[in-house]
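Accompanying notes for the structure given below.
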Amino acid sequence: MKEIPEGKSVILFDGTCNFCDTFINKIITLDKKNQFVFASLQSEIGKKIRNHIGLSETIDSIILYQPGYAYYVKSDAALEILERCNSWTSVFQIFKIFPKSLRDSAYDYVAKNRYKWFGEKSECALPSEEIKKKFLD
């Protein structure tokens, strides 16, 4: 298990979800500042981070963790990640006008149906060596 590199934020995601995998691959492409590293929720470091910040083992939401600073879950995490990409994705910040409870309800609905709509994979794809460096597990 790798350590979290200094100055990086960690994105934890469901490693078996096709929708999550697509989102992570898009973020890797948009992360021009090289500010994110990634780990699956199911990995040892994913479990260690969730335990450290006091989140349940059963949480299956995307999590953005900034060591020593803060963490975000569900819609807050997704919007924060997209905002930091400093690209066309900043248009999604319009969703912040909605109450967190409403955003998270929509998030939960998609999360509940993600395997049915987008499928589930039995194993992770093999990334290139350069992309592999961005993963902690």
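Side-chain contact of Asn51 with Lys48: a donor-acceptor pair under 3.5 Å is absent, judged by distance alone. Side chains of Tyr115 and Asp14: a donor on one and an acceptor on the other come within 3.5 Å.
Tyr107 and Phe19 are members of different hydrophobic clusters when ILVMFWY side chains are connected at heavy-atom separations under 4.5 Å. Follow the hydrophobic side-chain contacts under 4.5 Å out from Phe23 and you reach Phe92 in the same cluster.
Rounded to the nearest 0.5 Å, atoms CZ (Phe13) and CD1 (Ile62) are 8.5 Å apart.
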Worked verdict on Phe38 versus Phe135 for ring pair (Phe, Tyr, Trp, His ring centres under 6.0 Å): CA-CA 5 Å; Phe38 307 88; Phe135 286 82; 5.5 Å; yes
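Side-chain atoms of Arg114 do not come within 3.5 Å of backbone N or O of Cys20 as any donor-acceptor pair.
Under the 4.0 Å criterion applied to side-chain N and carboxylate O atoms, Asp31 and Arg84 are not assigned as salt-bridge partners. Ion pairing of Glu83 with Lys96 is present here, as a side-chain N (NZ or NE/NH1/NH2) and a carboxylate O approach within less than 4.0 Å.
A pairwise comparison of heavy atoms in Leu136 and Ala39 identifies CB-CB, 4.2 Å as the closest pair. Taking all atoms of both residues into account, the shortest heavy-atom contact from Asp76 to Tyr72 is C-CB, 4.0 Å.
Contact annotation: the side chain of Val10 never approaches that of Ile63 to less than 4.5 Å [non-hydrogen atoms, C-beta and beyond].
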